Number of protein chains: 2
Amino acid sequence: MTLSEENYLKVIYHLSADLQVISTNAIADKMQTKASSATDMIKKLSEKGLVAYKKYQGVTLSETGVHAARMIVRKHRLWEVFLVDKLAFAWDEVHEIAEQLEHIQSEELINKLDDFLGNPIVDPHGDAIPDRTGKMTLTKQRVLADLPEGDGGHLVGVKDSSAAFLQYLDKQQLTLGSRIQVLEKEAFDESMVLDVNGRQKSVSQKIARQLLLD
Amino acid sequence: MTLSEENYLKVIYHLSADLQVISTNAIADKMQTKASSATDMIKKLSEKGLVAYKKYQGVTLSETGVHAARMIVRKHRLWEVFLVDKLAFAWDEVHEIAEQLEHIQSEELINKLDDFLGNPIVDPHGDAIPDRTGKMTLTKQRVLADLPEGDGGHLVGVKDSSAAFLQYLDKQQLTLGSRIQVLEKEAFDESMVLDVNGRQKSVSQKIARQLLLD
DNA sequence: AAATATTTTTAGACAAATCTAAAAATAGAT
DNA sequence: ATCTATTTTTAGATTTGTCTAAAAATATTT
Ligand SMILES: [Mn+2]
Ligand SMILES: [Mn+2]
Ligand SMILES: [Mn+2]
Ligand SMILES: [Mn+2]
């Protein structure tokens with residue numbers, strides 16, 4: 001697989017979390033290319049048996065496609081762990097570099113890296129890391145915005161991993177692992193007053209929709 | 001710089017150790033491409049000011065070209081140290097993977113990796129690692145084949161880093177750091193009888209020409 | 001059910017990196 | 001010095017991944 005095929009495949013995989021069938025436009029949007037380019041690549045992936053495709057009907061990943069995509073995601077997330085745990089990068093700085101490292105071809109490398117890192121289960125953003133067979137231990141996570149007053153848990157993940165959002169969380173001291181409880185939920189704008197590790201904080205619904213608790 | 005430009009630049013840099021002016025054919029040979037492809041790339045590197053080039057007269061690296069090449073070599077060798085020291089790869093297994101990793105674009109990454117590894121001076125094959133400014137501390141090395149009887153030193157490097165040769169050295173327990181002394185030098189075929197860490201070993205001139213002592 | 005809007009595909013073009021075959025320049029031999 | 005062999009460059013084609021513009025199919029609205 002070429003670097004470009006891998007990037008398309010990964011995008012289709014991530015889109016598959018929300019949609020059953022992935023449209024050409026959705027792929028083009030995420031890849032920041034044109035629909036015509038997406039069509040060309042879809043045909044290529046289809047010929048290789050990585051996606052099922054019928055003209056005008058969108059694509060779905062095949063089994064081998066899912067597995068291939070998971071192996072790329074595995075690499076991406078393991079490298080992110082390496083960058084944060086070993087090289088002391090901040091969690092908002094690792095995405096772009098992992099975007100490159102995920103394309104390094106060597107199964108032995110990634111398995112040795114996995115062992116070196118202590119076979120981590122999640123990456124610095126709380127996302128599950130597929131093991132060498134493609135399996136991932138998914139812990140059930142609840143979206144903070146959905147919780148009623150009084151409920152709570154630990155912050156175990158974020159839906160938005162953009163640098164801007166992660167930096168906001170750092171500033172608010174909303175770090176992974178924080179103990180969070182919903183003190184008040186404002187009916188008017190759905191904003192929340194939280195107890196975060198004993199301190200009171202207020203967050204908008206937009207923020208609360210991105211935070212995942214255990 | 002594209003991946004391809006980087007590979008060409010590095011090849012020209014390595015050839016510059018032996019030659020003052022690098023021929024198109026020499027580049028094509030090392031790159032395993034055709035002379036016409038080399039010409040095309042030479043023009044590109046020339047336009048970017050990385051090499052000085054005059055038709056039919058070969059190329060020489062410019063100052064910026066040397067610096068850029070050294071930064072790629074730096075990355076290659078630091079990744080090799082990482083693979084051997086941290087991930088427990090053998091020294092004959094790391095070249096291909098480093099060949100990919102050397103193209104990852106992030107100065108911060110490579111400097112943090114450098115620190116993480118303890119700012120090593122040499123890679124697993126005894127080759128000097130340029131520091132972040134491009135400088136490398138070159139220790140004067142002598143080729144074993146040139147030493148007279150009685151002389152010796154520590155094995156600090158190899159000229160041939162091919163997997164086949166490195167595996168031969170492993171088999172012969174000729175590891176980097178070994179204390180070597182020339183016991184006999186056969187006039188007939190220039191083969192040598194050595195004392196390697198107290199044990200006697202015989203090596204052909206072909207081998208002796210690849211081993212570097214301090 | 002038509003008409004209209006949107007999505008998707010096709011057709012054709014372009015840049016990057018490669019190749020083959022032929023032409024041009026240089027180097028080596030007589 | 002001329003001829004010959006080798007090296008190097010050019011010309012033109014190919015592959016990959018992209019684009020724009022236009023055509024075709026599907027979805028939405030009236
Ligand atoms: Mn990528
Ligand atoms: Mn991540
Ligand atoms: Mn390389
Ligand atoms: Mn090396």
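All values below were derived from every heavy atom in this structure, side-chain atoms included, with hydrogens, water molecules and symmetry-related copies excluded. All of these numbers come straight from a predicted model, not from anything done at the bench. Lettering follows sequence order; numbering is per chain, from 1.
A salt bridge links A:K112 and A:E108; the closest N-O separation between the charged side-chain nitrogens and carboxylate oxygens is under 4.0 Å. At a threshold of 4.0 Å, the pair A:D160-A:R209 does not count as salt-bridged, since none of the basic side-chain nitrogens sits closer than that to a carboxylate oxygen. Electrostatic pairing of A:E102 and A:R77 does not count as a salt bridge here, judged by no charged N lying under 4.0 Å from a carboxylate O. A salt bridge between B:K10 and B:E99 is present, with a side-chain N of the basic residue lying under 4.0 Å from a carboxylate O of the acidic one.
B:D40 places its CG atom 10 Å from the C1' atom of C:dC19, with the value rounded to the nearest Å. If you measure from atom CG of B:L3 to atom C1' of C:dT18, you get 14 Å, rounded to the nearest angstrom. Atom CD1 in B:I22 sits about 11 Å away from atom P in D:dT8, given to the nearest Å. Rounded to whole Å, atom P of D:dT10 lies 11 Å from atom CD1 of B:I42. For the pair B:N7 CG and C:dT18 P, the computed distance is 9 Å after rounding to whole Å.
Side-chain proximity of A:S23 to C:dT8, C:dT10, C:dC19: nearest is C:dT8. Distances were taken from every side-chain heavy atom of B:Q57 (C-beta onward) to each of C:dT26, D:dC19, C:dT18; the shortest belongs to C:dT26.
When the nearest nucleotides of DNA chain D are assigned to B:K54 and A:E5 by heavy-atom distance, the more 5′-ward of the two goes with B:K54. Comparing A:Y8 and A:K55 by the nucleotide of DNA chain D that holds the closest heavy atom to each, the one mapping nearer the 5' end is A:Y8.
Looking only at side-chain heavy atoms (C-beta outward), A:L212 and A:V158 stay at 4.5 Å or farther from each other.
Look at A:Y56 and you won't find any side-chain N or O under 4.0 angstrom from OP1 or OP2 of C:dT6. Listed pair A:T2 / D:dT16 fails the phosphate criterion, with no side-chain N or O lying under 4.0 Å from OP1 or OP2. At the phosphate of D:dT6, neither OP1 nor OP2 sits under 4.0 Å from any side-chain N or O atom of B:N25.
A heavy atom lying under 4.0 Å from DNA chain C marks the following residues of residues 26-39 of chain A, by number: A:A35, A:S36, A:T39.
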Start with the C-alpha gap between A:F89 and A:F82, add the side-chain angles, then the distance that decides, and say whether ring pair (Phe, Tyr, Trp, His ring centres under 6.0 Å) holds. CA-CA 9 Å; A:F89 275 92; A:F82 170 71; 9.0 Å; no
For residues 63-74 of chain B, tabulate all N or O donor-acceptor pairs below 3.5 Å that involve a side-chain atom, not counting sequence neighbours.
residue	atom	partner	partner atom	Å
B:T64	OG1	B:G49	O	3.2
B:T64	OG1	B:S62	OG	3.1
B:R70	NE	B:Y13	OH	3.1
B:R74	NH1	B:D114	OD2	3.1
B:R74	NH1	B:P130	O	3.0
B:R74	NH2	B:N111	OD1	2.7
B:R74	NH2	B:D114	OD2	3.1

